[in-house]
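Every chain is numbered from 1 and lettered A, B, ... according to where its sequence line falls, protein lines coming before strand lines.
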There are 2 protein chains.
Amino acid sequence: MSGHVTAEQAFRSVLFIESAETLAAIEGEVRAFAGPMGYERFVLFSVSAAQDEVVERIYWVEGDWFGNGESVDAETYIRRCPVTRHILDEREPFFWTKTTGAHGELYRVVRSPRGRGIHGLQVPVFGPLGLEGAMSLGGERIDASPRARLALGLIAEAAFLAARNLLEAAIGGDVGALSEREREVLAWTAAGRRQVEIAATLGLSERTIENHLRRIRKRLGVATTAQAIRVAIRKGEIAA
Amino acid sequence: MSGHVTAEQAFRSVLFIESAETLAAIEGEVRAFAGPMGYERFVLFSVSAAQDEVVERIYWVEGDWFGNGESVDAETYIRRCPVTRHILDEREPFFWTKTTGAHGELYRVVRSPRGRGIHGLQVPVFGPLGLEGAMSLGGERIDASPRARLALGLIAEAAFLAARNLLEAAIGGDVGALSEREREVLAWTAAGRRQVEIAATLGLSERTIENHLRRIRKRLGVATTAQAIRVAIRKGEIAA
DNA sequence: AGCCCAATGAGGGTTTTCCCTCAACGCGAG
DNA sequence: CTCGCGTTGAGGGAAAACCCTCATTGGGCT
């Protein structure tokens with residue numbers, strides 16, 4: 001909370017996080033840095049447009065996010081935090097504030113949060129495919145200065161990338177690779193054919209084409225077929 | 001170069017750059033920060049990348065990039081710097097080094113550049129649409145420490161975002177079969193957004209988005225939006 | 001002034017895609 | 001021999017995209 005954010009400490013934290021070998025080490029470092037600035041609620045997650053939910057996988061959630069004295073689990077967080085959706089519209093870290101009034105909880109994106117309520121900073125992390133993850137930090141009396149935004153933006157990005165490196169390697173394996181059939185269907189789609197047409201060409205049911213395309217979207221972690229085309233081209237799954 | 005990069009100074013520079021109102025101010029700040037670290041060649045550009053050219057528009061190019069004692073213009077830089085293409089494969093700032101041997105110039109991406117030659121740091125900048133721009137800094141004897149990478153990454157990202165904000169507004173759309181608006185709509189589509197979402201993001205009617213997309217398909221001579229994505233990527237209208 | 005065109009938006013439909021679930025077959029790995 | 005997974009297919013409904021035409025505004029160009 002108090003004083004000033006030391007840039008020096010932020011740099012050291014980032015470098016430490018980048019070389020961390022466990023999630024716990026990352027968490028500890030973030031806590032140690034952000035704690036004195038008034039942040040004691042944390043969420044770190046990856047984002048995928050594939051689901052109806054924005055959040056794909058939560059790496060770390062901690063703290064009394066909903067002011068009920070209980071620490072939350074991942075599902076609760078996803079269900080209850082509407083601020084999360086805003087990362088779809090923002091291109092830089094932003095502050096938000098939650099006030100509890102007559103009509104229940106009210107979340108807003110603000111320039112600089114103040115007053116009573118729970119405030120926080122949401123940091124989107126972008127990569128070659130667009131939005132890839134985010135970290136949210138919250139607290140009741142937080143340092144919401146430009147310097148804090150800058151420092152926490154750095155830390156959060158490093159934390160997300162490091163955490164993903166640690167966790168996704170263990171989990172995923174080769175997520176994203178398409179099967180032969182899927183590549184074929186997507187290639188025809190990229191060539192402008194409709195599902196019925198592709199079905200006829202390949203001698204399959206229209207339903208099968210549809211199922212393949214859904215599976216493709218899920219595998220590539222995208223929301224629409226149009227996006228799947230782009231991602232597949234980028235990954236070299238199909239030709240441009 | 002030697003000594004230590006002060007994180008404090010980096011933070012101050014970023015905050016200054018974010019509020020800069022001319023490109024010259026941004027350039028001056030970057031020079032002042034990176035100069036003492038041995039960097040005196042700069043390129044700042046936006047990326048739209050597809051096939052032939054990665055670079056879309058160069059905002060700032062300065063310094064003796066090719067060791068011939070002359071400052072280069074934009075076209076020369078694009079034509080002669082093969083390192084640029086690497087930003088398509090990288091997801092973080094990376095160092096490179098250029099050595100001149102018997103078989104001409106040799107560029108390599110390295111962990112930590114040393115020795116004779118021109119070295120540099122390439123910083124990709126990502127956004128909701130994927131890779132959006134980059135900044136490259138070079139010099140003969142540069143500080144290539146992790147701290148330098150971190151600080152310059154910050155500075156470069158801020159510089160790119162600030163420069164784009166300043167310049168893109170002024171510049172009108174030039175080349176390309178698609179209009180500025182159409183490219184924008186298609187880019188969001190390729191990023192997985194639906195028409196209604198794009199309408200909300202751009203503050204337009206859903207109808208308008210639909211009309212733009214129809215016009216895009218007509219102009220590109222394709223049947224479906226999925227195909228339009230592929231064709232546009234191939235033509236370099238939007239990024240892969 | 002007259003004209004073209006980008007950008008915006010609408011009416012009123014049709015077609016296509018998308019979503020969730022369930023199910024069957026064959027094939028290779030443990 | 002199960003188990004996972006790729007491939008195939010379906011029912012039923014909801015959402016999104018797509019199609020036509022028409023209309024207005026504002027810039028630029030002749």
Side-chain angles (χ1 to χ4, degrees), chain A residues 48-54 56 88 171-232 237-238, chain B residues 168-232 237-238:
Chain A
S48 163
Q51 283 85 12
D52 42 341
E53 298 296 347
V54 175
E56 182 182 45
L88 293 180
I171 303 169
D174 60 313
V175 187
L178 299 182
S179 74
E180 205 55 50
R181 215 31 158 179
E182 286 162 352
R183 234 192 314 278
E184 196 175 10
V185 169
L186 194 59
W188 281 113
T189 304
R193 305 303 174 83
R194 298 187 183 285
Q195 296 181 3
V196 217
E197 300 173 317
I198 300 171
T201 305
L202 299 182
L204 298 177
S205 151
E206 193 176 339
R207 231 46 202 265
T208 302
I209 305 301
E210 187 203 325
N211 286 331
H212 278 312
L213 278 170
R214 185 178 19 251
R215 209 178 165 81
I216 289 167
R217 287 192 297 272
K218 206 143 221 166
R219 298 240 253 189
L220 296 180
V222 302
T224 66
T225 299
Q227 187 184 13
I229 301 293
R230 170 166 172 252
V231 171
E237 295 280 355
I238 60 174
Chain B
E168 294 295 347
I171 303 172
D174 41 341
V175 279
L178 299 183
S179 75
E180 206 57 46
R181 212 35 157 178
E182 287 161 351
R183 234 192 313 278
E184 197 176 9
V185 169
L186 194 59
W188 281 112
T189 303
R193 302 303 168 84
R194 299 187 182 284
Q195 296 182 1
V196 59
E197 297 173 317
I198 299 171
T201 303
L202 299 183
L204 298 176
S205 149
E206 195 174 338
R207 230 49 201 268
T208 302
I209 306 301
E210 187 203 323
N211 285 332
H212 278 310
L213 279 171
R214 190 190 0 266
R215 209 179 165 82
I216 288 166
R217 285 191 298 272
K218 204 151 222 161
R219 296 240 248 186
L220 296 180
V222 301
T224 66
T225 298
Q227 187 184 13
I229 301 293
R230 171 161 166 259
V231 170
E237 294 281 354
I238 61 173

Show each protein N/O and nucleotides 24-29 of chain D N/O combination with a separation under 3.5 Å, one pair to a line.
none

Give me, pair by pair, the N or O atoms of the protein and of nucleotides 6-8 of chain D that are less than 3.5 Å apart, along with how far apart they are.
{"from": "D:dG6", "atom 1": "OP2", "to": "A:R215", "atom 2": "NH2", "distance (Å)": "2.3"}
{"from": "D:dT7", "atom 1": "OP2", "to": "A:S179", "atom 2": "OG", "distance (Å)": "2.2"}
{"from": "D:dT8", "atom 1": "OP1", "to": "A:R181", "atom 2": "NE", "distance (Å)": "2.7"}
{"from": "D:dT8", "atom 1": "OP1", "to": "A:R181", "atom 2": "NH2", "distance (Å)": "2.6"}
{"from": "D:dT8", "atom 1": "OP2", "to": "A:R181", "atom 2": "NE", "distance (Å)": "3.1"}
{"from": "D:dT8", "atom 1": "OP2", "to": "A:H212", "atom 2": "NE2", "distance (Å)": "2.6"}

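Taking B:E197 as the reference, B:R193, B:R194 meet the side chain to side chain contact (heavy atoms under 4.5 Å, CB included) condition, with sequence neighbours excluded. Not counting sequence neighbours, the partners of A:R183 by the side chain to side chain contact (heavy atoms under 4.5 Å, CB included) test are A:L178, A:E180, A:E237, A:I238. For A:T201, the side chain to side chain donor-acceptor pair (under 3.5 Å) criterion is met by no residue, not counting sequence neighbours. In this view, A:E206 satisfies the side chain to side chain donor-acceptor pair (under 3.5 Å) rule with no residue, not counting sequence neighbours. Residues passing the side chain to side chain donor-acceptor pair (under 3.5 Å) test with B:T225 are B:R217, sequence neighbours excluded.
In this structure, B:R217 reaches the sugar-phosphate backbone alone: every heavy-atom distance under 4.0 Å involves primed, P, OP1 or OP2 atoms, never a base.
In this structure, CD1 of A:I209 is placed 8 Å from P of D:dG9, rounded to the nearest angstrom. Between the CD atom of B:Q227 and the P atom of D:dA17 there is a distance of 17 Å, given to the nearest Å. Regarding A:L213, its CG atom lies at a distance of 15 Å from the P atom of D:dA17, rounded to whole Å. Rounded to whole Å, atom P of D:dC5 lies 16 Å from atom CG of A:L178. The CD atom of B:E210 sits 12 Å away from the C1' atom of C:dT14 (whole-angstrom rounding). In this structure, A:E206 places its CD atom 11 Å from P of D:dG9, rounding to the nearest Å.
Put simply, CD on A:E182 and CZ on A:R215 are 5.5 Å apart, with the number rounded to the nearest 0.5 Å. Summarising the geometry, atom NE2 belonging to A:H212 is positioned 6.0 Å from atom OG1 belonging to A:T208; distances are rounded to the nearest 0.5 Å.
A:Q227 places no side-chain N or O within donor-acceptor distance of the main-chain N or O of B:A190, the cut-off being under 3.5 Å.
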Quiz item: Can you check side chain to side chain contact (heavy atoms under 4.5 Å, CB included) on B:W188 and B:L202, steps first, answer last?
Solution: CA-CA 10 Å; B:W188 281 112; B:L202 299 183; 4.0 Å; yes

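Of all the heavy atoms in B:L186 and B:A232, the pair that sits closest is CD2-CB, 3.4 Å. Summarising the geometry of A:A223 relative to B:G192, their closest heavy-atom pair is CB-O, 3.8 Å, with the distance given to 0.1 Å.
The side chain of B:T225 places an N or O atom within less than 4.0 Å of a non-bridging phosphate oxygen (OP1 or OP2) of D:dC18.
For DNA chain C, the neighbouring residues in residues 191-201 of chain A, judged by any heavy atom under 4.0 Å, are A:R194, A:Q195.
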